[in-house]
Asker: 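Just dropping this structure here.
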Amino acid sequence: MTSKPGLLTGALLSGVLGSVLLAVGGVLPVVGDAAPGYASAAPLIVLALLPAALAVLAFTRGRPTLAAGVLAGTAVLAPGRLLLDLQLLVDLSTAARPEFHVPVQLEAGTAGPGLWALLAGHVLTAAAGIAAVYFVRREAEAEGTDLPGGPRLVVLAIGLTVVAGVGLVMAPFESADPYLPARNAFESPWPVLTGALFIAFAMPLGAALAFGSGLRAAARGSVLGLAAGVLAVAVPNLIAGFAVKDASVSAGPVVAIVAALGLAALAVARQEGTQQNDDPDVAEEAKLPGSRRLELATGALAVLTAVAAALGGLTAQVSSSSPAIEAPESPAALLLVVAGVLLGVLGLAVLLPGLGETLRPALSVAWVVVPLAGTAVLDTVLTASRFGGVLSPGPGVTWTSIALFAAVVTGICSAVAGMVERENDDGRRPAGSATTPVVAAAVLAVAAFATPVVTAPDYDPPTLVTGFGASWWGTVIALVAVLAALALSLRSRPMRAFALLLGVLFVLVLRAAELPLVELDGATSGAGLWLAIAAVIATAISAGFVTRAADDES
């Protein structure tokens, strides 16, 4: 019996209406009176209606939690898809969307009725997902259930979403048409870059949260919704590679579709329950593996991420096809190498017996050093790509992209390990005296990321309020992780809080190290350097208070 049937009904109505609007957007002109590059109406309608059809079918068959999961999973991709579609309005000439329009010249399009239907459909899909999440949380509280299927399914689902994300940031197809761009996300304008990265990073998080709901049906539905969302993005690109003149299939959509089919198979695969619980909507009791195995996996992933980051910084990020034009080097290349070294050292420490349990929580924060430095490296590539076909991405871009995704997987694996460890939490908390320095560290961290560490002529430093490129996202991700870790340290056991603060130290030290490591002519220190140093000191003081609390309780 559901706790809030009206909430689910509203979510279903919103999801169905959103799907209908997305289908309408696939039929009506999206930009002016432009015609699509191939007969895309039928596949677009099917892909738009698929999630709603799955949710309605589950609901009519008496599986409300499964229906809510489908809506929630599909909604994870909605904000990113909205940004991808927004590129059609911002600059039509750089939008690789042949399912809607193939330009014949450089042109700025006007929004057609189909575009507004698409944008409204994404908004309603996101709203349906939010309502569905609240419904699942109410159901989980009423049932009092545990994590479904064990961490093996969690890791498998997260891994498939990471693979799908890799496919979606790759080039959607190959194109020999100069008016039909076919670039990967890192070479694309900001709406496409932001939308693709949002999808890629949100999917693993959505998969992890789905399995954390405690209801097997909700988890399976969410994975199914994620698969449907990935297909909606990738399938039109795959068809375009076959159907559009001067276009050919690329690896990106193929990788994404294979991962989506794997997610769908995982969602529909039969999962046996325990003898104590035969309800298909209720998860079996979690069969948690030894925490040491998860620590080893987290440490190994951190080391692999470190290797990829180091290669990304040491190999060429930009290649030149003309001997007369020298390929620029990223000023943040050394910063990425140092970020990889820091993460690698911490990963190796976690692999050591006796240190893994103590230091593992630090990786829940420290993984963000790679996005912090890696996105700054990618900014150079994005700038160089504006100069046409002479300059192109080098091998460093591939390694940096691998490092970014591996860093996300490392953070998620560390979070899963933390979920296992909390099962045996003894309830101890750090001393209240740590609150003041932790709050001070949080305030100083915000200031450090809001002001430039390095200033130089003709350099737009990445901060929260300037440099709105790829590096801006790295700054935001790093700050959010730092603030979350500082807040969590006030509610954690002393040694776990110490490890979280150690991870925060890694991030803040890298922020302060931008001055000596970022190679710029005429570089001078900015206010952010001194604020970052002050934040490091406040965090170190917080760690001292937490350590003393651990000694008092031992």
Side-chain angles (χ1 to χ4, degrees), residues 151 154-155 288-310 337-370 372 403 406-431 434 437-438 441 478 481-482 484-510 513 536 539-554:
V154 180
V155 174
L288 300 179
S291 60
R292 181 57 184 161
R293 282 186 288 172
L294 288 171
E295 290 165 5
L296 292 173
T298 305
L301 284 169
V303 173
L304 293 175
T305 303
V307 172
V337 174
V338 172
V341 171
L342 289 174
L343 188 63
V345 169
L346 186 56
L348 289 173
V350 171
L351 294 175
L352 297 176
L355 285 178
E357 182 178 0
T358 301
L359 295 180
R360 194 278 314 155
L363 286 176
S364 297
V365 191
W367 68 271
V368 300
V369 297
V370 172
L372 180 61
V408 174
V409 177
T410 300
I412 293 173
C413 188
S414 183
V416 173
M419 293 166 58
V420 175
E421 291 175 6
R422 280 190 290 274
E423 293 293 325
N424 300 319
D425 196 341
D426 60 10
R428 290 181 294 167
R429 297 289 181 265
V438 166
V482 164
L486 290 172
L488 189 59
S489 69
L490 296 176
R491 304 185 60 185
S492 300
R493 292 184 297 163
M495 291 312 298
R496 188 176 294 164
F498 171 79
L500 288 170
L501 294 172
L502 179 63
V504 171
L505 273 174
F506 272 63
V507 180
L508 294 175
V509 165
L510 188 71
V536 168
T539 304
I541 293 173
S542 303
F545 277 109
V546 169
T547 304
R548 187 174 66 180
D551 293 336
D552 293 341
E553 293 187 4
S554 60

Asker: Go through the structure and list residues passing side chain to side chain contact (heavy atoms under 4.5 Å, CB included) with V307, not counting sequence neighbours.
Answerer: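 So V307 forms a side chain to side chain contact (heavy atoms under 4.5 Å, CB included) with L311.
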Asker: Measuring from atom CG of L346 to atom CH2 of W367, what distance do you get when rounded to the nearest 0.5 angstrom?
Answerer: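 Those atoms lie 14.0 Å apart.
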Asker: Roughly how far apart are T298 OG1 and I412 CD1, rounded to 0.5 Å?
Answerer: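 These two atoms lie 11.0 Å from each other.
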Asker: What's the verdict on side-chain contact (heavy atoms from CB on, under 4.5 Å) for L351 and L348, showing C-alpha distance, side-chain angles and the deciding distance?
Answerer: CA-CA 5 Å; L351 294 175; L348 289 173; 4.2 Å; yes
Asker: Looking at V350 and E295, what are the two nearest heavy atoms and their distance?
Answerer: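 It is CG1-O, 3.4 Å.
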Asker: Can you list every pair that meets side chain to side chain donor-acceptor pair (under 3.5 Å) and has a residue in residues 299-308, with sequence neighbours left out?
Answerer: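 Non-adjacent pairs meeting side chain to side chain donor-acceptor pair (under 3.5 Å): T305-T410.
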Asker: Give the intermediate values and the outcome of side-chain contact (heavy atoms from CB on, under 4.5 Å) for residues L343 and L363.
Answerer: CA-CA 8 Å; L343 188 63; L363 286 176; 3.7 Å; yes
Asker: Could you tell me which non-hydrogen atom of V507 sits nearest to which non-hydrogen atom of A478, and how far apart they are?
Answerer: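 Where V507 meets A478 most closely, the heavy atoms are CG1-CB, 4.2 Å.
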Asker: Give the intermediate values and the outcome of side-chain contact (heavy atoms from CB on, under 4.5 Å) for residues L486 and L501.
Answerer: CA-CA 7 Å; L486 290 172; L501 294 172; 3.6 Å; yes
Asker: Between CZ of R360 and CG of L500, what distance do you get to the nearest 0.5 Å?
Answerer: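 Between R360 CZ and L500 CG, I get 8.0 Å after rounding to 0.5 Å.
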Asker: How far does CG of L372 sit from CG of L508, to the nearest 0.5 angstrom?
Answerer: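 Between atom CG of L372 and atom CG of L508 there are 10.0 Å.
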Asker: For V365 versus A485, what's the shortest heavy-atom pair and its separation?
Answerer: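 In terms of heavy atoms, the two residues are closest at CG2-CB, 3.3 Å.
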Asker: Which value, rounded to the nearest 0.5 Å, describes the distance between F498 atom CZ and L505 atom CG?
Answerer: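 Separation between the atoms: 8.5 Å.
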Asker: Compare every heavy atom of A403 with every heavy atom of A309, then report the nearest pair and how far apart it is.
Answerer: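 Result for this residue pair: N-CB, 3.6 Å.
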Asker: Minimum heavy-atom separation for G340 and A306, please, with both atom names.
Answerer: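 Looking at all heavy atoms of both residues, the shortest contact is O-CB, 2.9 Å.
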Asker: Taking atom CZ of R496 and atom CZ of R491, what is their separation to the nearest 0.5 Å?
Answerer: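 Going from CZ on R496 over to CZ on R491, the span is 12.5 Å.
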Asker: Identify the two heavy atoms, one from A497 and one from S489, that lie closest to each other, and give their separation to 0.1 Å.
Answerer: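 Shortest heavy-atom separation between A497 and S489 comes out as CB-O, 3.3 Å.
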